[in-house]
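Please read these numbers as outputs of a predicted model, since none were measured by experiment.
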Amino acid sequence: MRLDGIPLWDGTEFRGPVDLSWEPDRITAVTPAPARHGDLCVIPGLVDTHVHLIGYAGPGEPPDFATWPLVTTRDEQVLHGVAHAQRAMRHGVTTLRDLAGDEAQIALRRVFDAGVLPGPRVQVHGVVGMTAGHNDLFVPPAIPQRKPTADGPDECRKLVRAWARAGMDGIKLTTSGGVLSIGDKNGWRNYTRDEIRAVVDEAHALGMLVASHAHSEDGIRVAVEEGVDSIEHGTLMSRDLAETLAARGTPVAPTLLINEAIAEGRVPVTAEARAKAAELVATRNVLLAQAAALGVRFVLGTDANGHHVDFGDQLAEVVHMTRILGMDAESALRAATSDAADSIGVPVGRIAPGLGADLVVLRGRPWERIEDLATGNIVAVVSRGRVVAGDLP
């Protein structure tokens, strides 16, 4: 497979027109060449470091977010997850990290990796959360079938080990309350320092990264101080925390569009969730723009779930990062490709010999004009070396 004379942005910078060749699934050569496709370009496939694949993927208005998982069989939910993953892939997002996974998402990952079905690269993190914590409160109290919880350092270690046995790539830890969880507050403490330390220590001992859900300043602070590998949301990040995160190079996924959609009531949510999101968004923009100016390493993470942010909206999230965080076009594109890939340890996000063959052919120059990064400009998508959308020029 090859593209001849196509302008290349390789994940870090513009390289001019090149001849690009690959064989599934490895880029074999990138060599300078005379231009043949002046109005087109090729960039790496995007990497979304924070999604939730299991959610309604059908047409029309989605059903109620809280009750759909309770009235839909797990077998059917998995098929919706496949549809979400493939939709993201066709829209140029060729790597996804699911941050609330279980055996269902692991099954998707294995099926895609084996080539049984076409699909993006998938990483799966299992959640370690406390009783009455953010992850526990997506299920109403009257429902006895609940997600696993862990209380106390020993239970936390045991749940990390159970997720490792199941085949997880990493752990998601909750250190603050959340928006869509029912009955909690963003500022609620989730876990003591001893419990957080146990999770991080055990996960790292088993070779797994730890991503921490944290909206509140206290939740971000304890996660950072105990050595997590990424911050999810990071909404109320103070200046001193931003300076610490910048110095350490810890990636932060800001999940901008979903909180705005919930706060503004543009998606079906409870009054409680809308109020919590509105409180966060009211102060978020100034804090996150300050953090970006201080050098915090923001990467693409959307919280896409099919209910509040669609799979395929990732490109719009990258554009929005330039508006809210003040990033220039090329920095935002790096945050969605090479830097996002580096932050979760996958050999993609760049176009270079020896790396995975995930490519997007676009009209325009998105590293100069970020608005060119739009689904309507996609000409072709190559995932794992195979054309999965459009046609190569």
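The distance between the ring centers of Trp68 and His80 falls below 6.0 angstrom. Ring pair Trp367/Phe14: centre-to-centre distance below 6.0 Å. Taking the ring centroids of His308 and Phe65, they lie under the 6.0 Å cut-off.
The pair Arg146-Asp136 meets the salt-bridge criterion, with a side-chain N (NZ, NE, NH1 or NH2) lying under 4.0 Å from an Asp/Glu carboxylate O. Salt-bridge annotation for Arg334 and Asp339: absent, with no side-chain N of the basic residue lying under 4.0 Å from a carboxylate O of the acidic one. Salt-bridge formation is detected for the pair Asp240/Arg221: a Lys NZ or Arg NE/NH1/NH2 atom is positioned less than 4.0 Å from an Asp or Glu carboxylate oxygen. For the pair Arg109 and Asp98, the salt-bridge criterion is not met [side-chain N within less than 4.0 Å of a carboxylate O]. Using a cutoff of 4.0 Å between basic side-chain nitrogens and carboxylate oxygens, Asp25 and Arg121 are scored as salt-bridged.
Side chain of Asp328 to main chain of Ser331: a donor-acceptor pair is present (N/O by atom type, distance under 3.5 Å, no hydrogens or angles). Of the possible polar contacts, none joining the His91 side chain to the Gly312 backbone as a donor-acceptor pair under 3.5 Å is found. Although no hydrogens or angles enter the test, the distance criterion places a donor-acceptor pair under 3.5 Å between the side chain of Arg97 and the main chain of Thr49. Of the possible donor and acceptor atoms, one in the side chain of Asn377 sits under 3.5 Å from a partner among the backbone N and O of Asp372. Side-chain N or O atoms of Thr322 include one that pairs as donor or acceptor with a backbone N or O of Val319 at under 3.5 Å. A donor-acceptor pair under 3.5 Å is formed between the side chain of Asp169 and the backbone N or O of Val124. Side chain of Arg384 to main chain of Pro120: a donor-acceptor pair is present (N/O by atom type, distance under 3.5 Å, no hydrogens or angles). Proximity of a side-chain donor or acceptor of Glu260 to a complementary backbone N or O of Val281 within less than 3.5 Å is not detected. At distances below 3.5 Å, at least one donor-acceptor pair connects side-chain atoms of Gln105 with backbone N or O atoms of Asp102. A donor-acceptor pair under 3.5 Å links the side-chain atoms of Tyr191 to the main chain of Gly129, judged by distance alone.
Counting only heavy atoms from C-beta outward, the side chains of Arg239 and Gln290 approach each other to under 4.5 Å. With a 4.5 Å cut-off on side-chain heavy atoms, Val199 and Cys156 count as touching. With contacts defined as side-chain heavy-atom distances shorter than 4.5 Å, the pair Arg297/Thr250 does not qualify. At least one side-chain heavy atom of Leu288 sits less than 4.5 Å from a side-chain heavy atom of Leu325.
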Stepwise side-chain contact (heavy atoms from CB on, under 4.5 Å) check, Trp9 with Ile351: CA-CA 8 Å; Trp9 188 83; Ile351 296 175; over 6 Å; no

Full working for side-chain hydrogen bond (donor to acceptor under 3.5 Å, both in side chains) between His215 and Ser176: CA-CA 6 Å; His215 282 295; Ser176 82; 5.7 Å; no

Intermediate values then yes/no, side-chain contact (heavy atoms from CB on, under 4.5 Å), His50 and Val299: CA-CA 10 Å; His50 187 145; Val299 297; over 6 Å; no

Pair Val252-His233, side-chain contact (heavy atoms from CB on, under 4.5 Å): steps then yes or no: CA-CA 7 Å; Val252 178; His233 314 299; over 6 Å; no

Intermediate values then yes/no, side-chain contact (heavy atoms from CB on, under 4.5 Å), Thr94 and Leu46: CA-CA 6 Å; Thr94 52; Leu46 271 58; over 6 Å; no

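Checking Thr12 against Ser338 by side-chain atom types alone, no donor-acceptor pair falls below 3.5 Å. Using modelled atom types, one finds a donor on one side chain and an acceptor on the other under 3.5 Å when comparing Thr302 with Asp48.
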